[in-house]
Amino acid sequence: MKKKEKKELGLHEAYFHDPIQADKAIFGREVDPVTRRGFLKKSSLLAMAALVGSNIPFASSMPGGLIPVALADTTTPFKIDGKDGLIYLNDRPVNAETPPHLLDDMFTPAKHFFIRNNGVPPEMQTINPDTWTLEIGGESCLNPQSFTLPELKKKFKHYTYALQLECGGNGRSEFNPPAKGNQWTTGAVGCGRWTGVRLRDVLQACGIKEDAVYIGYYGKDTHLSGDPTKVVISRGVPMSKALEDETLIAWEYEGEEIPHYNGYPLRLVAGGWPASVSGKWLSKIVIRNKEHDGEKMTGQSYRVPCEPVAPGTNVPNEDMCIMESMPVKSLITYPKTGISHDLKDVFAFRGKAWAGDLEVIKMDVSIDFGATWHEAKVKKPLNRLAWQEWEATIKFPKKGYYEVWARATDSNGVAQPTILPGWNPRGYLNNACHRIAVQVV
Ligand SMILES: Nc1nc2c(c(=O)[nH]1)N[C@H]1C(S)=C(S)[C@@H](COP(=O)(O)O)O[C@H]1N2
Ligand SMILES: [Mo]
């Protein structure tokens, strides 16, 4: 017993002066230092263990960037009301992803919908849905106007669409050299039924000038620095996307108010595009006569090299292009990775697939590392921009360790890559095939 303790300490000690190695050993991957809180950045888990006064046996399940309760200001464990089963990457700002097996429902329940915050959400007590106001303006708006949320609900027709939202950085953790930012694995994605009014109807009611090319949003969250003059994020889409039937100003998700951290009481939802264009805590929309130049629209944010580059390349801003429709992708949502399966039984598995603005027309699965593929069944989406359910069955030829892979193909005939796609400085658009491990016994 004593010997074992000594050994563990030895391991930690070995990594004491190398936090990156420590992270690799402890979290199974590199954890981006900028996404982590103060002392975690500079010290290792050993230092943290020393601070809390003992070893941390479950250190491997501890999310990067999470402050141990023993050291936090509060004595209540870090948890977000209404959320369940998410894996927290950070607590300031809050970023949390959904493990694949919790995306097995046809539509993602609100409690499992991922959270990607760039700043601090407006406090719940300060939000009054009866007086919440959305302002429409911008140089290409003919008659700038404001609507309270009840007015929006009264004046415009309501629509409900299942819309898939995926963070542009989903899958970032796999890039090498690593990219800064949240180290999302596979879970910065979700799809559910959003209810609201069409952005198009509201913009048309305010008049769209002929020179309009883009829209931009503003939300009520505040900058991490506390500086009230700093905008957290203000992104947008070209008019063509803004005017689509499915682009909504939404107040409801899966039949309930939108969860606080997902944008309550009002958000923009533009399915199929990087979810960063779907502004939360929505307070203003501007119609622009040029590409919107708000916070995180310019520089390297949500942009990838216009032409492919070698991993690690330093790409100048002028060679970076704005990401639009997200690439084709899929997940195996049942069963959970790491299960054991009886050789004599048929192996039934399933998941979700999506393809940005396009539809998934084919789904293939492999149990031999992609050497051969078998076609799976894909269902039609509930509506455009909703993800699709797929299912497959397979018989394993003999006992042993298998990886089950899934690959979606979009309506342009483009399939997911089986290995990591084009490296880019910020680690966006990783749509490599999802894999699960199965032990056949
Ligand atoms: N106001 C505001 N809107 C925002 C963000 C934000 O930080 N503030 N994050 C964006 C990003 S980067 C993503 S991926 C999605 C995440 O939406 P979710 O938190 O509901 O999953 O919201 C987008 N809209
Ligand atoms: Mo994002």
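Whatever order the structure lists ligands and atoms in, that order sets their numbers, starting from 1. Please read all numbers here as calculations on a predicted model, not as lab measurements.
At least one N/O-N/O distance between Arg267 and ligand 1 falls below 3.5 Å. For ligand 1, the polar-atom distance check against Ile233 finds no nitrogen or oxygen pair separated by under 3.5 Å. When only interatomic distances are considered, the shortest N/O to N/O separation between Asn118 and ligand 1 falls below 3.5 Å. For ligand 1, the polar-atom distance check against Tyr302 finds no nitrogen or oxygen pair separated by under 3.5 Å.
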field: ring pair (Phe, Tyr, Trp, His ring centres under 6.0 Å) between Tyr402 and Phe347, intermediate numbers included
entry: CA-CA 12 Å; Tyr402 291 84; Phe347 182 69; 9.2 Å; no
task: Show the numbers, then the answer: is there a side-chain contact (heavy atoms from CB on, under 4.5 Å) between Trp281 and His260?
output: CA-CA 9 Å; Trp281 311 289; His260 179 210; 4.3 Å; yes
- request: Might you work through the disulfide (SG to SG under 2.5 Å) test for Cys206 and Cys141, ending with a clear yes or no?
  value: CA-CA 7 Å; Cys206 300; Cys141 177; 5.0 Å; no
- request: Just do the side-chain contact (heavy atoms from CB on, under 4.5 Å) check on Phe114 and Thr108 with the steps written out, would you?
  value: CA-CA 9 Å; Phe114 79 101; Thr108 313; over 6 Å; no
message: Working note: Phe113 + Lys83, criterion side-chain contact (heavy atoms from CB on, under 4.5 Å); need CA distance, chi angles, decisive distance, verdict.
response: CA-CA 8 Å; Phe113 204 93; Lys83 292 292 179 186; 3.8 Å; yes
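Ligand-side atoms of ligand 1 in range of Ser278: 22 (O), 23 (C), 24 (N), range being under 4.0 angstrom from any heavy atom. Less than 4.0 angstrom separates some heavy atom of Asn117 from each of these atoms of ligand 1: 7 (O). Heavy-atom proximity to Phe113, at under 4.0 Å, picks out these atoms of ligand 1: 20 (O), 21 (O). Near Cys167, meaning under 4.0 Å from one of its heavy atoms, ligand 1 places the atoms 14 (S). Shown in contact with Gly279 at under 4.0 Å from a heavy atom are these atoms of ligand 1, numbered in order with element: 3 (N), 24 (N).
Protein heavy atom in closest approach to atom 19 (O) of ligand 1: Lys280 NZ, 2.5 Å. Nearest protein heavy-atom neighbour of atom 11 (C) of ligand 1: Ser276 CA, 3.5 Å. Counting protein heavy atoms only, atom 16 (C) of ligand 1 is closest to Arg116 CB, 3.7 Å. Nearest protein neighbour of atom 8 (N) of ligand 1, counting heavy atoms only, is Asp221 OD2, 2.6 Å. Annotation: atom 21 (O) of ligand 1 to nearest protein heavy atom, Phe114 O, 2.7 Å.
For the ligand labelled ligand 1, residue Gly263 lies outside the 4.0 Å heavy-atom shell. Ligand 1 is never approached by Lys296 to a heavy-atom distance shorter than 4.0 Å. Contact annotation: Tyr217 has at least one heavy atom less than 4.0 Å from an atom of ligand 1. Judged by the shortest distance from any of its heavy atoms, Leu165 lies outside the 4.0 Å radius around the atoms of ligand 1.
At a heavy-atom distance under 4.0 Å, atoms from both the backbone and the side chain of Asn262 approach ligand 1.
Under 4.0 Å is where a charged nitrogen must lie from a carboxylate oxygen, and between Lys380 and Glu359 at least one such pair does. Using a cut-off of 4.0 Å between Lys/Arg side-chain N and Asp/Glu carboxylate O, Asp357 and Lys241 are scored as salt-bridged. Taking 4.0 Å as the cut-off between side-chain N and carboxylate O, Arg172 and Glu97 do not count as a salt-bridged pair.
Interatomic distance, OG1 of Thr195 versus CD of Glu257, reported as 12.5 Å (0.5 Å rounding). Atom CG of residue Leu385 and atom CD of residue Glu244 lie 6.0 Å apart, to the nearest 0.5 angstrom.
Just one residue in the list Val360, Thr333, Ile332, Leu331 forms a side chain to side chain contact (heavy atoms under 4.5 Å, CB included) with Trp390, and that residue is Ile332.
Ring orientation note: the planes of Trp354 and Trp387 are tilted relative to one another, at an angle of 30° to 60°.
The option from Gly190, Ala275, Ala96 that lies nearest to atom 15 (C) of ligand 1, judged by heavy atoms, is Ala275.
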